[in-house]
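Read through the structure below, which is laid out as structure tokens, and then see the notes.
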Amino acid sequence: AMEKSYVSMFLLLIVISCALAKDAGKKDSKDTTAKPKLPQTLSRGWGDQLIWTQTYEEALFRSKHSQKPLMIIHHLDDCPHSQALKKVFAEHKEIQKLAEKFILLNLVYETTDKNLAPDGQYVPRVLFIDPSLTVRADITGRYSNRLYAYEPSDISLLYSNMQKALKLLKTEL
């Protein structure tokens with residue numbers, strides 16, 4: 001008899017969670033009529049109102065065709081350094097504004113492209129790629145042992161590196 005009550009309890013939980021999900025779905029559909037919002041999964045918290053690409057391939061394609069530079073952020077959910085950088089990045093108004101001029105991609109896994117790890121596969125690391133699909137290995141942070149790493153205190157450097165990535169674009173095209 002004990003097992004039976006477990007099963008019915010479990011079924012009840014499933015029913016409840018589905019009902020809750022339905023309600024949540026209803027609320028969302030009202031909001032979307034006002035302003036289309038991408039599922040937050042693609043931004044992963046780096047800027048929910050920005051447009052993020054889903055894959056590296058898609059990001060390269062979009063960069064090439066829109067002639068916008070690509071900014072790639074490698075990070076991990078369970079990495080405190082990634083979390084700390086994400087927080088200041090998402091709250092930095094100028095960065096969020098400037099980011100609209102980029103094709104954006106944030107990844108929680110490594111790509112097979114070795115060019116995206118010029119000096120190793122550490123997180124968080126931020127790399128820029130121009131529309132000719134060249135990795136801008138020359139746009140670096142302040143750490144000689146991890147060239148593309150940024151700490152929360154380096155947020156203004158990241159901002160000026162974003163400006164640099166956009167400037168280089170204009171002078172070279």
Side-chain angles (χ1 to χ4, degrees), residues 25 28-29 31-79 81-141 143 146-150 152 154-173:
D28 284 355
S29 59
D31 295 347
T32 47
T33 50
K35 188 177 178 227
K37 204 167 187 302
L38 283 173
Q40 202 243 304
T41 45
L42 280 184
S43 87
R44 295 191 182 91
W46 288 88
D48 297 347
Q49 79 296 344
L50 294 167
I51 297 167
W52 295 86
T53 45
Q54 198 154 7
T55 64
Y56 180 46
E57 291 69 29
E58 180 199 350
L60 289 174
F61 178 84
R62 286 204 190 174
S63 174
K64 195 179 167 145
H65 287 268
S66 66
Q67 291 299 301
K68 284 178 170 181
L70 164 58
M71 178 176 180
I72 299 184
I73 305 169
H74 285 87
H75 63 107
L76 287 173
D77 284 333
D78 55 5
C79 161
H81 301 285
S82 296
Q83 292 302 322
L85 184 64
K86 177 196 295 191
K87 191 173 175 344
V88 295
F89 185 92
E91 289 170 2
H92 194 291
K93 300 234 177 342
E94 287 88 359
I95 277 189
Q96 291 290 309
K97 189 91 200 96
L98 196 59
E100 293 172 6
K101 299 191 158 103
F102 288 82
I103 302 298
L104 298 166
L105 177 67
N106 69 76
L107 294 175
V108 286
Y109 53 87
E110 291 293 339
T111 67
T112 50
D113 188 345
K114 295 284 171 284
N115 296 317
L116 290 185
D119 65 345
Q121 297 187 338
Y122 50 85
V123 293
R125 72 178 193 280
V126 182
L127 284 147
F128 297 95
I129 298 180
D130 68 28
S132 71
L133 306 190
T134 308
V135 175
R136 305 291 331 207
D138 54 330
I139 302 181
T140 57
Y143 307 102
R146 293 185 162 195
L147 291 174
Y148 309 98
Y150 296 85
D154 305 324
I155 198 73
S156 54
L157 174 61
L158 180 55
Y159 179 66
S160 64
N161 277 349
M162 288 168 73
Q163 290 175 310
K164 197 191 270 182
L166 287 164
K167 255 195 219 88
L168 287 168
L169 197 68
K170 290 193 182 66
T171 56
E172 285 164 20
L173 292 179

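We count residues from 1, following the sequence as given.
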Original post:
Which atom pair, heavy atoms only, marks the closest approach of S43 to N106?
Top reply: O-ND2, 3.1 Å

Original post:
Going by heavy atoms in the side chains, are W52 and I73 under 4.5 Å from each other?
Top reply: yes

Subject >> Sequence neighbours excluded, every pair satisfying ring pair (Phe, Tyr, Trp, His ring centres under 6.0 Å) that has a member inside residues 106-140 >> reply: F102-F128

Subject >> Member of T112, T111, D113 meeting the side chain to side chain donor-acceptor pair (under 3.5 Å) criterion with Y56 >> reply: D113

Subject >> Side chain to side chain, R62 and E58, heavy atoms closer than 4.5 Å >> reply: yes

Subject >> Spacing of CD1 belonging to I129 relative to CD1 belonging to I103, to within rounding of 0.5 Å >> reply: 11.5 Å

**OP:** Check whether any side-chain N or O of E100 sits under 3.5 Å from a backbone N or O of I51 as a donor-acceptor pair, and report yes or no.
**Re:** no

**OP:** Any chance you could measure R146, atom CZ, to H81, atom NE2, to the nearest 0.5 Å?
**Re:** 8.0 Å

Original post:
Quick one: NZ on K86 to CG on D77, what's the gap to the nearest 0.5 Å?
Top reply: 5.0 Å

Original post:
Given the rule in the side chain to side chain contact (heavy atoms under 4.5 Å, CB included) test, do Y148 and N161 qualify, once you have shown the distances and angles that lead to the verdict?
Top reply: CA-CA 11 Å; Y148 309 98; N161 277 349; over 6 Å; no

Original post:
Measuring from L127:CG to I139:CD1, what's the distance to the nearest 0.5 Å?
Top reply: 9.5 Å

Original post:
Can you find a heavy atom in the side chain of K164 that is under 4.5 Å from one in the side chain of R136?
Top reply: no

Original post:
Would you find a donor on one side and an acceptor on the other, under 3.5 Å apart, between the side chain of D119 and the backbone of L147?
Top reply: yes

Original post:
So, do L166 and P69 sit near enough that their side-chain heavy atoms are less than 4.5 Å apart?
Top reply: yes

**OP:** Any chance you could measure L85, atom CG, to R125, atom CZ, to the nearest 0.5 Å?
**Re:** 13.0 Å

**OP:** Please check if atom OH in Y143 has more than 12 non-hydrogen atoms from other residues, nucleotides or ligands closer than 6.0 Å.
**Re:** yes

Subject >> From M71 atom CE to L104 atom CG, the distance as rounded to the nearest 0.5 Å >> reply: 7.0 Å

